Undergrad: 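Here it is: the structure, laid out below.
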Amino acid sequence: MEVFAVPDIPEIEPGDDLATLIDERVDLREGDVLTVASTVVSKAEGRGADLSDFDPGTRAHDIAERIGEIAGERKDPRFAQAVLEESEELVMAAPFILAVTHFGHITVNAGIDRSNVPGADLLLLPEDPSASAQRLSDALGVPVVVTDTSGRPFRQGQRGVALGWAGISAMRDWRGEHDREGRELTATVEAVVDELAAATNLVTGEGDDGRPVAVVRDWDFGDHDSHDDLFRDRDGDLVRQALADFEYDPA
């Protein structure tokens with residue numbers, strides 16, 4: 001398997017034809033998988049926003065005040081309001097906001113970015129990353145995964161994850177197959193779109209690296225069952241259920 005970043009992607013502005021900009025810079029082959037950072041997708045789709053766009057309500061003021069007390073510094077309730085508007089629900093509101101986006105991804109601050117956003121205060125995630133991936137996939141003729149970086153429960157650090165995908169199944173399901181001893185696998189379901197996102201994050205980088213698009217070449221999904229149930233629903237997520245009763249106590 002080969003993984004490489006697409007060079008010389010320029011600063012993306014609202015309305016830019018992202019598919020054309022990519023196509024001009026890489027010769028894609030049959031079997032390639034393209035990963036695209038959600039930041040450039042959001043920029044092309046005009047998802048930049050200013051704090052002045054958000055009129056904070058009572059809940060946003062309460063959240064900002066609570067987090068500010070814990071952090072020992074003032075927090076802007078307009079940012080809390082932006083998170084609320086980009087969320088289906090909050091899993092927790094202190095000591096930080098952990099939110100469920102409208103498309104099912106659970107992440108800090110609903111994935112709202114405050115870095116590398118020229119001309120705006122905030123960059124919101126794409127409204128529907130899988131729809132964004134589908135448009136790029138249709139234009140470029142290869143599977144596409146829209147990615148972001150995200151923290152991990154029980155571990156330090158961040159890694160690439162998939163927010164949306166098209167032309168590829170999210171999950172490679174090994175259940176019903178057998179190990180080398182002939183034992184039937186009963187639980188193994190591999191989140192391949194997350195694994196591809198993490199692999200390409202190694203070459204796209206972070207901060208000011210400026211390489212938001214990558215290609216995975218000579219990788220094969222294989223002959224396996226598959227499905228797209230990447231995001232756990234509430235009923236099947238024991239951690240999410242436990243956090244519903246969590247109250248942060250700094251003492």
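Atom set for the values below is all heavy atoms of this structure, side chains included, hydrogens, waters and symmetry mates excluded. Every value quoted in this text rests on a predicted model; they were computed, and no experiment measured them.
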Undergrad: Taking the side chain as every heavy atom from C-beta outward, state whether Leu230 and Met171 have any pair of such atoms under 4.5 Å apart.
TA: yes

Undergrad: Side-chain polar contacts of residues 238-246 - donor-acceptor pairs under 3.5 angstrom, sequence neighbours left out - could you list them?
TA:
from	atom 1	to	atom 2	distance (Å)
Arg240	NH2	Glu89	OE2	2.8
Gln241	NE2	Arg234	O	3.1
Gln241	NE2	Asp235	O	2.9

Undergrad: Would you be so kind as to tabulate the donor-acceptor pairs closer than 3.5 Å made by side chains of residues 96-108, with sequence neighbours excluded?
TA:
from	atom 1	to	atom 2	distance (Å)
Thr101	OG1	Phe103	N	3.4
Thr101	OG1	Gly104	N	3.3
Thr101	OG1	His105	N	3.1
Thr101	OG1	His105	O	3.2
His102	ND1	Glu88	OE1	3.2
His102	NE2	Glu85	O	3.0

Undergrad: Determine which pairs satisfy salt bridge (charged side-chain N to carboxylate O under 4.0 Å, His left out) with at least one residue from residues 23-42, sequence neighbours left out, and list them in order.
TA: Asp32-Arg217

Undergrad: Can you name the residues that form a ring-ring contact (aromatic ring centres under 6.0 Å, His included) with His224, not counting sequence neighbours?
TA: Trp174

Undergrad: Are any of the side-chain nitrogens in Arg135 or Glu45 under 4.0 Å away from the carboxylate oxygens of its partner?
TA: yes

Undergrad: Apply the hydrophobic cluster definition, ILVMFWY joined by side-chain contacts under 4.5 Å directly or through others, and give me every member besides Leu123.
TA: Val117

Undergrad: Restricting to salt bridge (Lys or Arg N to Asp or Glu O under 4.0 Å), what partner residues turn up for Asp128, sequence neighbours left out?
TA: none

Undergrad: Please list all pairs passing the salt bridge (charged side-chain N to carboxylate O under 4.0 Å, His left out) test where one or both residues lie in residues 107-121, with sequence neighbours left out.
TA: none

Undergrad: Using a strict cut-off of less than 4.0 Å between a Lys/Arg side-chain nitrogen and an Asp/Glu carboxylate oxygen, indicate whether Glu86 and Arg47 qualify as a salt bridge.
TA: yes

Undergrad: Provide the full list of salt bridge (charged side-chain N to carboxylate O under 4.0 Å, His left out) pairs with a residue in residues 6-18, sequence neighbours left out, each pair given once.
TA: Glu11-Lys43

Undergrad: Does Leu196 reach the side chain of Trp165, with side-chain heavy atoms less than 4.5 Å apart?
TA: no

Undergrad: Determine which pairs satisfy salt bridge (charged side-chain N to carboxylate O under 4.0 Å, His left out) with at least one residue from residues 58-80, sequence neighbours left out, and list them in order.
TA: Glu73-Lys75, Asp76-Arg78

Undergrad: Taking only residues two or more places apart in sequence or in another chain, which ones pass side chain to side chain donor-acceptor pair (under 3.5 Å) with Asp173?
TA: Arg175

Undergrad: Please give the remaining members of the hydrophobic cluster of Val26, linking ILVMFWY side chains under 4.5 Å, ordered by chain and number.
TA: Phe4, Val6, Ile9, Ile12, Leu18, Leu21, Ile22, Leu28, Leu34, Val36, Val40, Val41, Leu136, Leu140, Val142, Val144, Val146, Val213, Val215

Undergrad: Apply side chain to side chain donor-acceptor pair (under 3.5 Å) to Asp225 and list each qualifying residue two or more places apart in sequence or on a separate chain.
TA: none

Undergrad: Considering only heavy atoms from C-beta outward, does the side chain of Val193 approach that of Ile168 to under 4.5 Å?
TA: yes

